[in-house]
Amino acid sequence: MEKASSGRVSGGWGSGGWGSGLLGVIIFSGSLPATRLAVADFTPVFVTSARAVIAALLGGVFLAALRQKRPDRADLGSLAIVAVGVVVGFPLLTGFALQHITSAHSVVFIGLLPLATAIFGVLRAGERPKPAFWLFSTVGAATVAGFAFLQGNGASLAGDLLMVASILLCGLGYAEGASLSRRLGGWQVITWALVMALPVMAVIAVLTMPQGMAGIGWRACAGLAYVSVFSMLIGFVFWYRGLAIGGVAGVGQLQLLQPFMGLLLAGAVLGEPVAWTMVLSTLVVILCVVGARRFA
């Protein structure tokens with residue numbers, strides 16, 4: 001696995017940061033449906049801690065096998081922010097949210113994540129997108145928010161507030177990780193953040209683990225496996241590389257596509273209803289992604 005270059009790569013959708021970012025978004029699209037499956041039989045706290053432990057152990061093998069240099073002491077603060085945002089905060093809050101709302105309802109909030117990531121990219125990574133970028137980004141976020149309002153299925157104030165809080169923490173973790181990836185490399189950032197959180201997450205996992213497997217279905221186990229291996233580790237390999245190369249604000253707009261990919265999975269895997277307005281909203285969002293990419 002290679003370190004991300006500090007330069008930004010331009011070109012087609014299949015090259016550089018945008019290609020890596022898109023692969024990350026595709027992988028992340030299954031996160032909320034998989035979490036919904038997992039929290040049906042496991043507690044949100046156990047799912048959050050167990051996925052972090054599994055991913056940390058797998059990532060630690062790569063760090064040791066490839067003899068990766070330990071982060072500098074100056075990087076520990078940034079790694080802690082990444083851990084709080086994407087290792088603990090987002091998984092835990094979405095896990096609790098999914099006890100109140102459906103997966104189909106929750107995934108539309110992910111459409112607000114590009115705007116949160118862009119804002120934190122300005123605050124933490126020093127990026128300065130053009131004014132037109134903010135226009136496309138805001139229209140895209142408004143489209144997703146409008147879609148969530150019109151859909152209305154499975155609405156819950158508690159669930160919605162938890163999702164908003166999770167988006168803010170995740171956006172912070174994405175922007176901080178992208179900045180750090182330019183020095184450490186994309187997969188190294190998430191792996192070191194997981195290793196940093198491992199002692200605490202391991203204790204929590206042991207304290208909250210089920211007493212037995214009776215009543216734990218295979219679908220919940222499959223959901224836990226997905227969020228542990230793909231959502232918590234493999235997806236970040238591509239995502240942080242994409243953000244580091246293509247820019248936090250620009251590549252971050254690809255997340256506008258994630259709600260609609262997630263809705264398709266929610267319908268196919270969970271059998272949850274998917275509104276027909278998804279098609280029209282998707283077209284608008286794609287245009288916003290193209291526009292944001294142009295002016296990032």
Please report the interatomic distance [atom1]([X]) to [atom2]([Y]), rounded to the nearest 0.5 Å.
| X | Y | atom1 | atom2 | value |
| --- | --- | --- | --- | --- |
| L257 | L22 | CG | CG | 7.0 Å |
| M201 | L194 | CE | CG | 10.0 Å |
| M261 | S31 | CE | OG | 12.5 Å |
| L198 | I54 | CG | CD1 | 11.5 Å |
| I26 | W239 | CD1 | CH2 | 11.5 Å |
| R51 | L92 | CZ | CG | 10.0 Å |

Quick one: does [X]'s side chain get under 4.5 Å of [Y]'s, heavy atoms only?
| X | Y | result |
| --- | --- | --- |
| V86 | V82 | yes |
| S49 | T208 | yes |
| C170 | L113 | yes |
| M163 | S166 | yes |
| R183 | D75 | yes |
| C221 | I216 | yes |
| L254 | W18 | yes |
| L224 | S228 | yes |

Looking at [Y], is its backbone amide N or carbonyl O close enough to the side chain of [X] to form a donor-acceptor pair, meaning the two atoms are under 3.5 Å apart?
| X | Y | answer |
| --- | --- | --- |
| R36 | L98 | yes |
| T94 | P91 | yes |
| D41 | G217 | yes |

Nearest heavy atoms of [X] and [Y], plus distance in Å:
| X | Y | answer |
| --- | --- | --- |
| G59 | L233 | N-CD2, 4.0 Å |
| G242 | V251 | O-CG2, 3.5 Å |
| L37 | G223 | CB-CA, 4.3 Å |
| S231 | I27 | N-CG2, 4.4 Å |
| H100 | L162 | CD2-CD1, 4.2 Å |
| S20 | F238 | O-CB, 3.2 Å |

Hydrophobic cluster membership, with links at side-chain heavy-atom distances under 4.5 Å among I/L/V/M/F/W/Y: are [X] and [Y] in one?
| X | Y | answer |
| --- | --- | --- |
| M209 | V47 | yes |
| V200 | V87 | yes |
| V139 | W134 | no |
| L58 | V61 | no |
| W218 | F46 | no |

Would you sort out whether L168 and L172 count as a side chain to side chain contact (heavy atoms under 4.5 Å, CB included), showing the intermediate values?
-> CA-CA 6 Å; L168 292 175; L172 174 60; over 6 Å; no

Could you check whether the rings of F236 and Y240 sit parallel, tilted or perpendicular, using 30° and 60° as the cut-offs?
->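 Plane angle between 30° and 60°, so tilted.
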
Angle class for the F28/Y174 ring planes (parallel below 30°, perpendicular above 60°, tilted otherwise)?
->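 Taking Y174 first and then F28, their aromatic rings lie parallel (interplane angle under 30°).
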
